[in-house]
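Mind having a look at this structure? Questions to follow.
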Amino acid sequence: MSSLTMRRATADDSRRLSRLVRKSAAYRGDYASMVDGYVVGGSYIEHHPVFAAVDEHDRVLGFYALLLDEAELDLAFVADEAQGRGIGRLLMEHMTAQARAAGLTSVRVVAHPPAEEFYLRTGARRTGTVEPAGRIHWARPELRFDVA
């Protein structure tokens, strides 16, 4: 694997992060409507802790967004071509360290159903199910990372 660096994302990363979300193979088929036209906006990036895993060429291979006020992992994506290389695990380890440093005791995750196993493998525990609502027509697993 190439050299990876975790860095705070900036508003200048908005287009790259948005493209990573919209191109995610995990959101094809029935889930495609969730990311169609999705934008990770510059103001969102500036307001929340958003961290990117980048290679030596500053290519974004994955990122996450942590909502401190809600103690919730809002976004977590790894580029399709970079999956299976430990980047997701690195993102979750970094996220839990950031949450702990911010004084959180746990972080909630409402997961995309195909991602549930990933979160369980990286230390989350299942706490329930979020029923369909609004434009989301499927139940989603609710998980929690204990970080204290």
Side-chain angles (χ1 to χ4, degrees), residues 1-29 31-32 34-130 136 138-148:
M1 175 165 59
S2 62
S3 164
L4 281 181
T5 302
M6 289 295 297
R7 67 165 175 78
R8 181 82 185 243
T10 68
D12 290 339
D13 292 312
S14 174
R15 290 176 63 189
R16 294 193 292 172
L17 301 185
S18 298
R19 187 171 36 250
L20 196 154
V21 170
R22 289 191 305 259
K23 289 185 172 188
S24 174
Y27 284 88
R28 293 196 179 122
Y31 302 118
M34 287 305 302
V35 296
D36 184 39
Y38 195 91
V39 174
V40 183
S43 61
Y44 176 91
I45 293 168
E46 295 295 331
H47 183 71
H48 300 290
V50 179
F51 285 88
V54 298
D55 67 11
E56 64 273 10
H57 305 291
D58 201 40
R59 185 171 62 122
V60 175
L61 300 179
F63 77 97
Y64 73 86
L66 179 61
L67 306 180
L68 294 176
D69 292 343
E70 294 86 354
E72 185 167 347
L73 179 65
D74 190 37
L75 299 168
F77 283 85
V78 174
D80 292 342
E81 67 275 8
Q83 291 188 12
R85 296 169 37 189
I87 296 167
R89 182 170 294 281
L90 174 69
L91 291 171
M92 293 305 98
E93 289 170 357
H94 192 274
M95 181 275 299
T96 56
Q98 290 293 311
R100 190 176 304 111
L104 301 179
T105 57
S106 66
V107 175
R108 179 180 186 239
V109 180
V110 178
H112 178 49
E116 179 179 12
E117 286 303 315
F118 163 75
Y119 289 117
L120 292 170
R121 283 193 316 271
T122 56
R125 60 183 168 80
R126 177 87 184 251
T127 57
T129 301
V130 175
I136 300 171
W138 52 87
R140 293 168 293 154
E142 181 178 34
L143 303 107
R144 189 163 300 279
F145 283 95
D146 293 316
V147 299

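Fair warning: this is a prediction, and the values are worked out from it, not measured in the lab. FYI, the numbering just counts along the sequence from 1.
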Practice task
Apply salt bridge (charged side-chain N to carboxylate O under 4.0 Å, His left out) to Arg140 and list each qualifying residue two or more places apart in sequence or on a separate chain.
Solution key: none

Handout entry: With sequence neighbours excluded, residues passing salt bridge (charged side-chain N to carboxylate O under 4.0 Å, His left out) with Arg8
Key = none

Exercise for the section: Could you pull out the closest heavy-atom pair between Arg22 and Gly37, with the gap in Å? Expected result: CD-N, 3.6 Å

Practice task
Mind listing the closest non-hydrogen atom pair of Val147 and Ala99 along with its distance?
Solution key: CG2-CB, 4.1 Å

Completion exercise
Nearest heavy-atom approach of Asp80 to Ala25 is OD2-N, 2.9 Å

Fill in the blank from the handout: Applying side chain to side chain contact (heavy atoms under 4.5 Å, CB included) to Arg15 and not counting sequence neighbours gives none

For residues 106-120, dump all side-chain donor-acceptor pairs below 3.5 Å to protein atoms at least two apart in sequence or in another chain.
residue, atom, partner, partner atom, Å
Ser106, OG, Arg144, NH1, 3.2
Arg108, NE, Glu142, OE2, 2.5
Arg108, NH1, Glu72, OE1, 3.3
Arg108, NH2, Glu142, OE2, 3.1
His112, NE2, Ala26, O, 2.7
Glu116, OE1, Arg126, NH1, 3.3
Glu116, OE2, Arg126, NH1, 2.7

Completion exercise
For Val78 and Leu91, the nearest pair of non-hydrogen atoms, with its separation, is CG2-CD1, 3.9 Å

Exercise for the section: Flag the pair Leu73 / Met92 as yes when at least one side-chain heavy-atom distance between them is below 4.5 Å, and no otherwise. Expected result: yes

Fill in the blank from the handout: Residue set satisfying side chain to side chain contact (heavy atoms under 4.5 Å, CB included) with Asp58, at least two apart, ordered chain then number -> Arg7, Arg16, Val54

Using distance only, find each side-chain donor-acceptor pair of residues 40-47 under 3.5 Å and give its atom names and separation, not counting sequence neighbours.
residue, atom, partner, partner atom, Å
Tyr44, OH, Asp74, OD2, 2.4
Glu46, OE2, Ala11, N, 2.9

Exercise for the section: Spell out, as yes or no, whether a donor-acceptor pair under 3.5 Å connects the side chain of Asp13 to the backbone of Leu17. Expected result: no

Practice task
Apply salt bridge (charged side-chain N to carboxylate O under 4.0 Å, His left out) to Arg125 and list each qualifying residue two or more places apart in sequence or on a separate chain.
Solution key: Asp146

Completion exercise
Shortest non-hydrogen pair, Ala124 vs Leu143, comes out as CB-CB, 4.0 Å

Handout entry: Separation between CE of Met34 and OG of Ser24, rounded to the nearest 0.5 Å
Key = 12.0 Å

Completion exercise
Interatomic distance, CD@Glu81 vs CG@Leu61, rounded to 0.5 Å, equals 7.0 Å

Completion exercise
For Leu68 and Ala102 the tightest heavy-atom approach is CD2-CB, 3.7 Å

Problem - Pairs involving residues 86-104, ordered by first then second residue, that meet salt bridge (charged side-chain N to carboxylate O under 4.0 Å, His left out) (sequence neighbours left out) - result: none

Exercise for the section: Find out whether Phe145 and Thr122 are in side-chain contact, i.e. whether some heavy atom of one side chain is under 4.5 Å from a heavy atom of the other. Expected result: yes

Exercise for the section: With sequence neighbours left out, write down each residue that passes side chain to side chain contact (heavy atoms under 4.5 Å, CB included) with Gln98, or none if nothing qualifies. Expected result: Phe51, Tyr64, Leu66, His94

Handout entry: Near-ring test Tyr38/Phe77, centroid separation under 6.0 angstrom
Key = no

